[in-house]
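Read through the structure below, which is laid out as structure tokens, and then see the notes.
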Amino acid sequence: MAWDITTSSHITRERLKLSTPEVVYRELDEYGQYLATGVSRWNSDDALENALLQRNDRLINLGLAKNAGSQSVIKLLYSQSLAGTGDNEYDYAVRLACLANLTAPLGAWGLGESSDSDDWEFLEVRRLACSGSSDELLAMLRNPARRYLLPKLFERAGPFDTVDEKRWLHLLRFASGNPGLTIDDSTIAGPDFINWDINKAIIRLLQTAMVTSNSINVLHDLLMNLDPANTRMLGSREEFSELINRWKLGDIPSTSDSGKRVEGYYSTCTLEEELQCVMAALYGSISEGKAITAMGSLDAPELAFRCAYYGREKMNAAEIQEAWSKDKAIFVLAALFNNQILLNPDSRRELEGYVSHELQHLYVKRCTQLHAHYKWFSVSPVTEELKDVKTEVAPRVVDAEMIERLAKRIVAVEEKLVATSKQIWWVAVILGAIMFYHR
């Protein structure tokens, strides 16, 4: 059932003030879904939220924590749960719900935006970054409404500047799955500066992160979740070469028992080579003055420079066949980041013939990204080879497990509160009957 926007807000407010907590909780979920549609995000009913807050009911407060759009309501509930209400599990669930809230206005808390180290909200993000649980970090760093935190995390600045290396990579792994990485809310009124800051910070991250086997895994995961349409161009050939070479020449210890380099996820290249090729595919065009220059070519001697060509330049069917004969799966991986190939029916059809089972998920993700930019573009494959591929992007298993774990915590508290509410109701009925009988 959708949130009712046809009835006067005054009537809805009074009705929910008189409704049971269970009814209010369900309707708050509908209210939250309505606000989360984007167009409705700024239409939160502060009067309704504050009226429900005044009921001081724990189940209703949990529903508000998940779905409220009011800055003051979210901040109050989070502060109360942090101070403690006497029920640790309930307080934890409220904090998780606040951190995962998708409907609050962007920057509702201002978390991490202040440079004042004495600011309460700044310090709370720092506390979570340094000692928060995995559930708390998941809720905060995977929440697209909190994407404004990502540039600071990538640059290890602000509330993230005191986190040690191991913990920082842990945070980056959580953030790599944030849907906000691909959100671009630019309009004719102006650019999306958060999107701009995120993509600039990713380049600095690649240029400054320590070159280790752990960082390679984390950054590989991050880059695989980007939208090539949003990535920022490097400023010179030297900058491109330096970026590729620092990940090529790093002293990366082997993590396999045989002493060999670890193989990539989607090709027979080593994992660090695969990372370099993904970097090249995403950043293989540079901006020199007013001109955009390709860094690679089809016959370049170095694999990374060929991948720069595969990821950024137009390719016809014959060139795709030649590239496949040279580089097999690593070519396909790089080419799937190439919008020009996928938007052209002939080159897309040719490329589909080489998409392996391991790369089908990326293929569907890239087609979904392109459909968001070009509504005429069909997500459905155009060849028989991929006709049975599911065209819905499923969450990665690790994401699904963590999201399910977080949801179970909140649902467990919800069920506990519902049961308590029913017990109180029956106690009231029995006491009323006893008083009536002995009157």
Side-chain angles (χ1 to χ4, degrees), residues 1-5 7-36 40-41 43-105 108-109 124 135-136 139-140 143 145 405-435:
M1 181 177 177
W3 178 250
D4 182 8
I5 59 174
T7 302
S8 166
S9 60
H10 296 280
I11 296 174
T12 300
R13 188 186 316 142
E14 293 307 311
R15 176 175 62 81
L16 291 181
K17 282 167 66 177
L18 298 171
S19 300
T20 64
E22 296 90 335
V23 169
V24 174
Y25 185 90
R26 286 196 300 271
E27 295 212 22
L28 280 173
D29 274 347
E30 295 165 5
Y31 171 72
Q33 292 169 16
Y34 161 71
L35 293 182
S40 309
R41 181 165 293 172
N43 296 333
S44 62
D45 189 337
D46 290 1
L48 170 65
E49 294 176 18
N50 280 289
L52 294 177
L53 189 65
Q54 292 302 313
R55 290 187 60 173
N56 196 29
D57 181 271
R58 281 151 48 92
L59 182 57
I60 291 175
N61 285 352
L62 183 61
L64 286 169
K66 286 174 62 181
N67 302 293
S70 167
Q71 172 183 347
S72 59
V73 169
I74 296 172
K75 186 171 181 179
L76 177 63
L77 290 171
Y78 191 90
S79 300
Q80 288 177 344
S81 67
L82 195 61
T85 65
D87 185 336
N88 291 337
E89 278 295 309
Y90 172 78
D91 291 337
Y92 188 50
V94 168
R95 291 200 301 278
L96 291 178
C98 287
L99 290 169
N101 184 304
L102 290 170
T103 64
W109 300 4
E124 176 56 14
D135 288 336
E136 289 171 319
M140 180 174 72
N143 187 345
R405 189 172 71 246
L406 189 155
K408 281 181 177 179
R409 280 187 172 275
I410 295 177
V411 169
V413 173
E414 173 195 343
E415 291 174 347
K416 177 182 175 183
L417 293 175
V418 169
T420 303
S421 176
K422 288 179 179 178
Q423 289 173 0
I424 293 173
W425 186 84
W426 277 111
V427 169
V429 169
I430 294 170
L431 288 175
I434 292 173
M435 292 175 65

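Just so you know, residue 1 is the first one in the sequence shown, and it goes up from there.
Taking Gln80 as the reference, Leu76, Leu77 meet the side chain to side chain contact (heavy atoms under 4.5 Å, CB included) condition, with sequence neighbours excluded. Residues satisfying the side-chain hydrogen bond (donor to acceptor under 3.5 Å, both in side chains) criterion with Asn61, sequence neighbours excluded, are absent altogether. The side chain to side chain contact (heavy atoms under 4.5 Å, CB included) search around Ser19 returns Arg15, Leu16, Val23, Val24, not counting sequence neighbours. Checked against side chain to side chain contact (heavy atoms under 4.5 Å, CB included), Asp45 has the following partners two or more places apart in sequence or in another chain: Ser9, Arg13, Tyr31, Ala47, Leu48. Shown here are the side-chain hydrogen bond (donor to acceptor under 3.5 Å, both in side chains) partners of Arg26, two or more places apart in sequence or in another chain: there are none. Shown here are the side-chain hydrogen bond (donor to acceptor under 3.5 Å, both in side chains) partners of Asn50, two or more places apart in sequence or in another chain: there are none.
The two residues Ala100 and Asn143 make their nearest non-hydrogen contact at C-ND2, 3.3 Å. Here the closest non-hydrogen pair linking Tyr25 and Lys66 is OH-NZ, 3.2 Å. Considering every non-hydrogen atom in both Thr85 and Arg58, the closest pair reads OG1-NH1, 4.3 Å. Considering all non-hydrogen atoms of both residues, Asn67 and Leu35 come closest at O-CD1, 3.9 Å. Of all the heavy atoms in Ser70 and Asp46, the pair that sits closest is CB-OD1, 3.6 Å. Across all non-hydrogen atoms, the minimal contact from Leu82 to Arg95 is CD1-CD, 3.8 Å.
The backbone N or O of Gly69 sits nowhere less than 3.5 Å from a side-chain atom of Asn101 that would complete a donor-acceptor pair. No side-chain donor-acceptor contact under 3.5 Å links Glu49 to the backbone of Ala68. Formation of a donor-acceptor pair under 3.5 Å by the Thr103 side chain with backbone atoms of Ala36 is not found in this model.
The distance from the CG atom of Leu59 to the CG atom of Leu64 is 10.0 Å, given to the nearest 0.5 Å. Taking CG of Leu96 as the reference point, atom OH of Tyr78 lies at 8.5 Å (rounded to 0.5 Å). From Leu62, atom CG reaches atom CG of Asp57 across 10.0 Å, with rounding to the nearest 0.5 Å. Here Leu28 contributes atom CG and Trp3 contributes atom CH2; the two are 7.0 Å apart, rounded to the nearest 0.5 Å. Rounding to the nearest 0.5 Å places CD of Glu124 at 11.5 Å from NZ of Lys75.
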